[in-house]
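Down below is the structure, laid out as structure tokens.
Atoms within each ligand, like the ligands themselves, are counted from 1 in listed order.
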Amino acid sequence: MSCYEIKGGRPLFGALAIHGAKNSVLPILAACLLAPGQSVLHNCPDLSDVSATLDILRLLGCQAEREGDTVTIDTSTLDRWNVPERLMREMRSSVIFLGALLARLGTAELSYPGGCELGSRPIDLHLSALRSLGAEILEDQGALCCRSCRQGLRGREICLSIPSVGATENIMLAACGCPGVTTIVGAAQEPEILDLQGFLQAIGVRVSGAGTASISIEGGLPLHPAEYRVMGDRIAAATYLCGAAAATGEVEVSGIAPDTLAAVLSCLEEAGCEIHTGPDRIALTSGGPLHSIRPVRTAPYPGFPTDAQAILMAALAGGEGSTLFVENIFDSRYRHVDELRRMGADIQLAGRAAMVSGVRRLHGAAVRSTDLRGGAALVIAALGAEGTTRVSELRHIRRGYQALDKNLRLLGAEIRELP
Ligand code: UD1
């Protein structure tokens, strides 16, 4: 079983260009289905989640080719509407194909995505919204069969009780195939939704409001393929910055809008790091042990991102003083805590809260990635720890990081992959 071997305590220095955003590219790849023909996506990261999405597109009859970070999708040969269970299991976010297939073909069949490492992850908001747009959805022994009703799909107002990222994206995609105007009230405001809106506009959709709580989509218009550049991955950028914060040093990440990481940057500054930003870059300098900071409460954007909770926690666990974390988005997002404890971390859990008491220096251990960001957190902890750490279950990390080990080596870390 392959693992990363990391010898901690080396400061990080240098600059990195951040790859395209996983959470943008997945819905954008599904959105390619809306416009028959050949769309071209630049800055498309080479991640296992992206490969799984390309496999789904191929199984649906599309052509998908990668050359470097450019992916070309030809959806003119789309001739299937069912996503096999195997691929649904591999990647929960493939539920996004429901909205896209419904809009293009008026029908979609896929299996229920079920729970995942972060706990139960219902899709009730996705399904009830699609039903209000005119979809008939049968749920039968884990299968979801979705068809437009006899009268056809129709745009309308949809109010979301939780600003779900996936539900907002699924509704945006389905609404493209619904004549009339769909308004999403209580929409998620994450930057990746704005990126999806950018691609939809490029293929001819009249959509506005992304980045606010109210998004409006005019559906039923003829659409055309387009060329588009995916935004940079703000969570990958946060990961390298937290790595430098933990290991000390001076690191600059580029290809990323600093505003999209404001909540994380203010925590790192409060912990004692120096931060400088330019229009598309962030530089961080860290000189010594990180200090404790005010409570970190995860929240929908522009609040502190749940995807950065584990990585900031890993950096602070090797600092000094106590910091309270409160996880408000997912019910099971502390699975990395037991692994951090193996490295000497002092973290007390009580429901949604985690009290991290910095121990000044973690130590190396054999640890296991429990999920994507939990795995990245272990790498960060290892960079600042004394001694050697082995992080296994790299498949989780590969879902969201392109060449994490190579990039860290460029910054001066001692990390290698063992077979
Ligand atoms: C997306 C991101 C993920 C990030 C999360 C929150 C992608 C591919 N993934 O996941 O990295 O951690 O946003 O920023 O973009 N919920 C319901 N019913 C639903 C849908 C969601 O109760 O139908 C709940 C979830 O259980 C969770 C909360 O809403 O508690 C937020 O989930 P959501 O925003 O939908 O996350 P994802 O889109 O799955």
- Query: Of Ile123, Ile193, Asn23, which has the heavy atom at the shortest distance from atom 7 (C) of ligand 1?
  - Reply: Asn23
- Taking atom CD of Glu65 as the centre, does the number of heavy atoms from other residues, nucleotides or ligands within less than 6.0 Å exceed 12? no
- Backbone or side chain, does any N or O of Ala167 fall under 3.5 Å from an N or O of ligand 1? no
- Query: What do you reckon, does Leu125 have a nitrogen or oxygen under 3.5 Å from a nitrogen or oxygen of ligand 1?
  - Reply: yes
- Task: Using a strict 4.0 Å cut-off to heavy atoms of Ile329, name the atoms of ligand 1 that fall inside it.
- Result: 27 (C), 30 (O), 31 (C)
- Query: Is it the side chain, the backbone, both or neither of Glu327 that has a heavy atom closer than 4.0 Å to ligand 1?
  - Reply: neither
- Task: Evaluate whether atom CZ of Arg89 has more than 12 neighbouring non-hydrogen atoms of other residues, nucleotides or ligands under 6.0 angstrom away.
- Result: no
- Is the closest heavy-atom distance from Arg333 to ligand 1 below 4.0 Å? yes
- Should you measure from each heavy atom of Arg92, which atoms of ligand 1 turn up under 4.0 Å away? 39 (O)
- Select one of side chain, backbone, both or neither to describe which atoms of Asp124 lie under 4.0 Å from any atom of ligand 1, heavy atoms only. both
- Message: Taking the side chain as everything from C-beta on, heavy atoms only, tell me whether Arg104 gets closer than 4.5 Å to Trp81.
- Response: no
- Task: For the residue pair Glu157 and Thr183, confirm or rule out a side-chain donor-acceptor distance under 3.5 Å.
- Result: no
- Task: Would you mind telling me if ligand 1 is within reach of the side chain of Glu192, the backbone, both or neither, using heavy atoms under 4.0 Å?
- Result: neither
- Query: For ligand 1, which atoms sit closer than 4.0 Å to a heavy atom of Ser93?
  - Reply: 8 (C)
- Note on the structure: With heavy atoms and a 4.0 Å threshold, my read on which part of Asp307 contacts ligand 1 is side chain
- Query: Is the closest N or O pair between Ser164 and ligand 1 shorter than 3.5 Å?
  - Reply: yes
- Note on the structure: Restricting to heavy atoms, the pick from Pro27, Ala129, Gly166, Gly303 nearest atom 38 (O) of ligand 1 would be Gly166
- Message: Does the residue Pro122 have a heavy-atom contact with ligand 1, meaning some pair of atoms that are separated by less than 4.0 Å?
- Response: yes
- Query: Looking only at heavy atoms, is any part of Ile162 under 4.0 Å from ligand 1, and if so is it the side chain, the backbone, or both, or is it neither?
  - Reply: side chain
- Quick one: are Leu200 and Leu173 in side-chain contact, heavy atoms under 4.5 Å? yes
- Task: Kindly confirm or rule out an N or O of Glu169 lying under 3.5 angstrom from an N or O of ligand 1.
- Result: no
